[in-house]
Structures are given as C-alpha cells and as structure tokens.
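A short worksheet on the structure shown next.
Below, chains carry the letters A, B, ... as their sequence lines are ordered, and counting in each starts from 1. These numbers come from a predicted model, not from an experiment.
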There are 2 protein chains.
Amino acid sequence: MEKKKKKATLKSIAQHLNISVTTVSRALSGYNDVNAQTRQQIQEAADLLGYVPNLAARRLVTGKSDAIGILLPVSYGDMRDHFLSHFLLHFGQSLYAHNPNLDLIVSYAPEGEKELATYQRFIDSQRVDAFVVLRSRMDDARVELLKEQKVPFVTHGRTQCSDDHNWIDTDARAGFDLATQSLIDKGHQRITLLNLPERMFTSHLRVEGYEDAIARAGLESSIHTMEMNDEIPYQVALDLLKADKAPTGFVCASDVIAHQVVKAAKELGIDPCKDIQIIGCDDLPLSHLGDPTISTLRTSLDDHSQAIIKILQSELNGQIFIPRNKLINYELVERQTSNQAFSPDG
Amino acid sequence: MEKKKKKATLKSIAQHLNISVTTVSRALSGYNDVNAQTRQQIQEAADLLGYVPNLAARRLVTGKSDAIGILLPVSYGDMRDHFLSHFLLHFGQSLYAHNPNLDLIVSYAPEGEKELATYQRFIDSQRVDAFVVLRSRMDDARVELLKEQKVPFVTHGRTQCSDDHNWIDTDARAGFDLATQSLIDKGHQRITLLNLPERMFTSHLRVEGYEDAIARAGLESSIHTMEMNDEIPYQVALDLLKADKAPTGFVCASDVIAHQVVKAAKELGIDPCKDIQIIGCDDLPLSHLGDPTISTLRTSLDDHSQAIIKILQSELNGQIFIPRNKLINYELVERQTSNQAFSPDG
DNA sequence: AATATAAACCAAAACGTTTCGGATGTTCAA
DNA sequence: TTGAACATCCGAAACGTTTTGGTTTATATT
C-alpha cells in the first residue's frame, strides 16, 4: 500500500516476496522450473500490484516486437479506397481477437521512390516482426526487399513470383466464371466483361474465369478494358448499349462499373433488370442500397483477415519456411440487376 | 566492410571512430556540445553503416514510446462503419506526413465491460504516449480513466465534460442550420428533420441548428427521431409522404436516411428532386453515384486528422495542460436532390 | 555410501539507448 | 597570473526485461 502510484516491475515484485527477479520472470512466463506454490504467490502478487510487463524492455532483450506492420500503399488522391479502409478495420479486429498482445502498427508508404526506404527504416528499427503487404503488384520491389532481408510477410494479392512467398488472394477466376455462368443460365447469349486494366494481376484472372464459362457455353467472348472513374465506364456502356447486337449480360470488374452501366441503361430507356442484367464485384455499400440494387460478387473481409493471420502465425512460430497461401472464395449475391426473369426481346 | 550484416549501433559507430558512445548519441540527436567536425564525421559514419536507432532501447530509457494509440470501438456486427474505416486511413496518412517517426498503433476495445481494462493494459504497458478516442459518448468512462491516469488524449466528438479535455467535433449545429436554410431559401414551407437517437451528442446539435433556421423563418418545427437501418427510415418517410400537408423539405442526419426518403418518394410517384427535396449528411460514396445523386453535408477527413494531430502535438510537447478543441465545418454539397428549382405544386 | 538425477532457485550479463555529473583543455578578461 | 567561462568530450548508471549457466537441496539409483 505504501508503494503508491509507482509502476510495478519484476524487481518490485521480487523484493516484495523476497525472491529473485529471475524466478518471478520465469514464473510469470510459465516456465516449469518453479514450484507450484511459489508460482501462485508470484501470480497473486503480480495481480495485486497490477503488474504489466514493460514492452520496451522485453523487446530490447528478445529482439522481437510482437507487432505486425502495415504500410499503407495509398497516396493522397487515393484515399477513398473502400477495400483498404474496411480491410484495416477488420484486420485490426481479427488480430486482436487472435492475440490481444500483438500490436498492429499502421504507417504509410505510397508507391514511389521513397517506398522502399520506408520499408527499410521500418525493418531496421525493428518495430515489427512481420508485414502485411497490400495492393501487391506483379513485379513488386517490396516483396524482393522483404525476401532479401528475411522479414516475414504476407501479400494481399499474388505477384510474379508467388511461389516463394506467402500470399492470399481472391479467387477471381472462379468468381467470374460463376457470375458469367449465372447469366448464361438465365438465357443470355451476348455477355460482355467490363474489365480493369491488365497491370493488375487480378484482371487476367477475371478474363480467365469469364472465358472459361463463355467457352463452355459456346458463346462469343467480348471484353472491354477500362480505367475506373466516374466517366469512362459510363461512356463505354452507352456505346455498347446503342450498338447493334448489344450485349444483354454485363459482368463488371467492380460495382462502380456496374453502377455506370445501370445509369447508361436508364438513360436509354433500357430496364437494367430485365432488358439487360448486370453483375458487379466487391459489394460496395451503394450496391445494396441503390435503385436498383446491384448483384455482386462478394468476399468476406473476415476471411481475408483470418487467412492472413493464420499464415502470419505459422510464420512467426515456425522454424523452417514453407510458402503458404490461400484463395478466398467469391460468393454471388443476386440482387435486382440479375434476380428476375430475363426477357431477351426487350 | 568486414562488419558484414551486423546491425549498426551507437557502440559500433563509436568504436569505428574511436570515440565515446555518449558523443555519438549526442551528436546524432543534435545536442550542441559536440564539435561541428566531429558531428559531421559521426553523421557520415552513421549514414555509411546504415544506422537506425533501436526503438525499444530508446523507449526503455526515455519512457516515451513515440506512438499514438487508437482502440477501435467497433464490435463485430458493426464493421461496416464508413466513417471509422476511412478516418483510420486518413489519420494514418496524416500522422505519417506530420512526423514519420510517430507510430500509429491500432487495437480494439469494443464498448462493454472489458473496454476499460483494455485501455488500462495499454496504458500500463506504455505502448503509446497518447490516445485518440473515437465515438465519444456523453458520459464516457474512457475519458474519465485517461484523465485520472494523466494520459494525453483527444476525443472525436464532445462529451459531458468537454471543458476539461481535448476534443474535436463536427459543427453539426452550423451545418444543419445551413442545410435547413438552403431549403428555406428554395421556398420550402414544411421542412422536417429526420434525426438519429438522442443518446448521441451530435443529435442534439443537429436539432439546435435545424431549429435555429426554422425559427428565423417563422416556420413550424417537425422532428422525427429513428434508428438507422435499412427499414425504419424508409417506413417513416413513407408515412410522412402519404400524410396531409406532407413535408417537402427533408434534412437527414445521414445519407443512408436520405437515401431511404428517395426510395419512398419514388415508390409513391413523387419526384425526389422537384416535388420534394432532400439533404443528407456524411457524403457516403453512394451519394454521388446514386440516382438521383444526393445532396449532403460533407466534412473533410483530412481536416479531422489535422486538427487531432495539431492538438496531440502541443499536448505532447507542452508542459502545462490547456484543454484544446476544434470545430470542423460542414460544407453543403448540392446535388440533384436539392439543386433544381422547387415546384411546391407537385 | 557414493553417485546420478531432478526440482527449485538465483547472480550476473546482456539488449542499445539516454543522461547525469564530471573531466579536460582552451580562451578570455582582469 | 589567476581564475572564470566555455567548448568538447566521456565514464558509468539506469531503464526492465530475458536468458545463460550455474548452485543448492532433496530424492532416486547403484
């Protein structure tokens, strides 16, 4: 009671019980070379004094930081990324649920010349035990750096050399096959894929899935690639819908694109739920609240987080390195733009 | 060259230059009791060897962690929060821009019995120098705890006792005055406020702003309070629109509510841009992409982040404690649901 | 009785900083 | 010539852990 507000340390517990610091330390970390009764006394004293280990001291001596780092790859104009921001929230939660003593350290390293230097500083200061690398690129210098420095990491998205590092990714191939097939099943004969640029690895996978389904049905492939903004997909959709033999089925790489197809259709007096049908991807909030509600391919961010954490965990414990990976399934959520009967005569 | 892959430390620099550790330390931290030439030599050696200070060691001795903590107040069913997730992204970015050596540590402490214990553990382990407290509540135990333990913090949102702690908040009073006034200026005679429950402090401020404008114009106040979900606001809007003397102007506490008003209006054959007009709040992505696009009150998340960081900074440097605060302005973004001429005869 | 084994404990070193309290030599005013 | 003031440097302690390499005592084995 006289120790007042002083922070409890191993030493203070030790002299409180007239015992050595070593024993207190070993008792609290569960070593078995301490007598059951002694351990209990120590535990009680620790609880009483409200002992919480000083992490800096522990980290200094062990060299481990018990922290995971995420260096945000966003740049300034790029802050509205729905996936990234929600992923962060989910990952933080999942990490805590998995182990409340693991810290998540969030910093910032936008693509560019200073990107690698930022990673290097992070590694050197030993702030984190492992990284989660977001927005992985085909040819990703971050991956090379981390591999070379032997820092554990998991990428979100595959890269060129996915064989020799950990990654998780969405199964875009299966997902876009599924979406395309569902339109085929409804009787669509002309189905188009509105895709994003090929610099992203996923874009290729979307093409593969789409073409798998198209080929199975003996239909003709029709793919349009575009940047995603508020204007271009809208124009593309407008042109497509005005053409002869316009497509009736639209599989879109993003809900944002799907939404612009809806807009273009409305403009032309085409019913976006019956005359044509549309499936997007990512299940953005606007998709289930809009008018019409937009069908979409959805993945669970919890699945993403869980998968990453599982890999991280085995990585941090394991002695030998085995590259691990995990594909996350897409689920087709059928909403108004694809859950009604298709009337090809529209 | 022979030191190969060994990590550079103060000691290694010191013996490399045949000089004391103290001097190296003081040179690198910019003290002025070291000769200019010596300092330069040290700096060069440090750069050459790629010296990066070991943060654990520094933290151990200084007792400072150079880290800001955010304990997410979300619970599991509650992960879709648009503000929170985007705020996190922005804040991380802004913090880095302000000082790349400050860590942001994200963990998790949902409202409930364990909430305070989580904070306490965080404080005791000295992981962070300061907290950002999100989703502040009127009567907030976290605030009490942090005040008592004298840990610096800023709340996002005011509390009962806002006088004696740091906070930032949106200026909901001014914002809702502005929105209401803009509808008045368009000629609306019956304007209703669709508000969120009063347990949130902001709800009161919205009422004040709304009533200020209504009173100035000599109109009649009409307020409806509801939970925000996919059903209730829709029903409320439906009932309101069907009634005699239905309101023509709708000021909504959230874009989600605004959106449901649009939906209800469409259902009843009422034009949500001309027969009635609607202003939401928060500028969710669905608002500028939807059909119609929804007018909204917007704040800049960068403003939020900057304000918090500024307060944090003076808090961490300052010796005497002066409670600081900052109101963030709302900006009225006029889109289709309020940027056309109003035709009251509809 | 001697020796091996096991159980329980501990002193001291180490981790890499920062900082306190000088120490040394040089310069300048009186 | 004295001593004060300054510029520059440094040794050693401290921060709170973990871990190494023991020692001591009791028990089991030969």
Would you check if there is a donor-acceptor pair between the side chains of B:Gln120 and B:Asp124 at a distance under 3.5 Å?
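Note: B:Asp124 and B:Gln120 side chains meet the donor-acceptor criterion.
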
Taking OP1 and OP2 of C:dT18, is either one under 4.0 Å from a side-chain nitrogen or oxygen of B:Ser25?
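Answer is yes, contact under 4.0 Å.
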
Is the distance from OP1 or OP2 of D:dC9 to the nearest side-chain N or O of B:Thr23 less than 4.0 Å?
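So the side-chain polar atoms of B:Thr23 never come under 4.0 Å of the phosphate oxygens OP1 or OP2 of D:dC9.
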
In Å and rounded to the nearest 0.5 Å, what is the CG to CZ distance from B:Asp103 to A:Arg127?
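The CZ atom of A:Arg127 is 4.5 Å from CG of B:Asp103, to the nearest 0.5 Å.
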
Rounded to the nearest angstrom, tell me the gap between atom [atom1] in [X] and atom [atom2] in [N].
X: B:Gln126; N: D:dC15; atom1: CD; atom2: C1'; result: 10 Å
X: A:Lys11; N: D:dT18; atom1: NZ; atom2: C1'; result: 15 Å
X: A:Asn54; N: C:dC15; atom1: CG; atom2: P; result: 18 Å
X: A:Leu17; N: C:dC10; atom1: CG; atom2: C1'; result: 15 Å
X: A:Gln15; N: D:dT17; atom1: CD; atom2: P; result: 12 Å
X: A:Ile13; N: D:dT18; atom1: CD1; atom2: P; result: 11 Å
X: B:Arg26; N: C:dC20; atom1: CZ; atom2: P; result: 8 Å
X: A:Ile19; N: C:dC10; atom1: CD1; atom2: P; result: 5 Å

Taking the side chain of [X] as its heavy atoms from C-beta onward, which of [options] lies nearest to it?
X: A:Arg58; options: C:dA11, C:dT18, D:dT18; value: D:dT18
X: B:Leu10; options: C:dT18, C:dC10, D:dC10; value: C:dT18
X: B:Leu60; options: D:dG16, D:dT17, C:dC10; value: D:dG16

For DNA chain C, find the residues of residues 27-45 of chain B with a heavy-atom distance under 4.0 Å and give them by number; none if there aren't any.
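Going residue by residue through residues 27-45 of chain B, the ones with a heavy atom under 4.0 Å of DNA chain C turn out to be B:Tyr31.
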
Do any N or O atoms of the protein come closer than 3.5 Å to N or O atoms of nucleotides 25-28 of chain D, and which pairs are they?
none

Would the number of heavy atoms belonging to other residues, nucleotides or ligands and lying under 6.0 Å from CG of B:Asn32 be above 12?
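12 or below, so no.
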
More than 12 heavy atoms of other residues, nucleotides or ligands under 6.0 Å from NZ of B:Lys147: yes or no?
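Enclosed: over 12 neighbouring heavy atoms sit under 6.0 Å from NZ of B:Lys147.
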
Any side-chain heavy atom of B:Tyr119 within less than 4.5 Å of one from B:Leu71?
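Side chain of B:Tyr119 against side chain of B:Leu71, heavy atoms only: contact under 4.5 Å found.
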
With the side chain counted from C-beta on, respond yes when B:Leu28 and B:Leu10 share a heavy-atom pair under 4.5 Å apart, and no when they do not.
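When only atoms from C-beta onward are counted, B:Leu10 and B:Leu28 do touch, with a gap below 4.5 Å.
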
Would you tabulate the nitrogen or oxygen pairs shorter than 3.5 Å linking the protein to nucleotides 26-28 of chain C?
none

Please determine which of B:Leu327, B:Asp140, B:Asn325 meets the side chain to side chain contact (heavy atoms under 4.5 Å, CB included) test together with B:Arg158.
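Testing B:Arg158 for a side chain to side chain contact (heavy atoms under 4.5 Å, CB included) against B:Leu327, B:Asp140, B:Asn325 leaves exactly one candidate, B:Leu327.
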
May I ask you to say whether B:Glu111 pairs ionically with B:Arg137, meaning some side-chain N is under 4.0 Å from a carboxylate O?
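Salt bridge: yes.
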
Going by an N to O cut-off under 4.0 Å, is there a salt bridge joining B:Arg324 and B:Glu315?
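Here B:Arg324 does not pair with B:Glu315 in a salt bridge, since their nearest N and O are not under 4.0 Å apart.
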
If you find the nucleotide of DNA chain C closest to B:Ala57 and the one closest to B:Thr22, which residue's nucleotide is nearer the 5' end?
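In this pair, the answer is B:Ala57.
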
How are the rings of A:His304 and A:Phe87 set to each other: parallel, tilted or perpendicular (split at 30° and 60°)?
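Plane angle over 60°, so perpendicular.
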
First of B:Val61 and B:Asn18 reached from the 5' end of DNA chain D, by closest nucleotide
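Comparing both residues, the 5'-ward one is B:Asn18.
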
Sole candidate of B:Phe201, B:Phe91, B:Phe83 that passes ring pair (Phe, Tyr, Trp, His ring centres under 6.0 Å) when paired with B:His156:
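So, applying the ring pair (Phe, Tyr, Trp, His ring centres under 6.0 Å) to B:His156 and each of B:Phe201, B:Phe91, B:Phe83, only B:Phe83 qualifies.
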
To check you understand the geometry: which heavy-atom pair defines the closest contact between B:Ser65 and B:Asp129, and what is its length?
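Distance-wise, the nearest heavy atoms are N-OD1, 2.8 Å.
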
What does A:Thr9 touch in the nucleic acid at a heavy-atom separation under 4.0 angstrom: a base, only the sugar-phosphate, or nothing?
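Sugar-phosphate only.
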
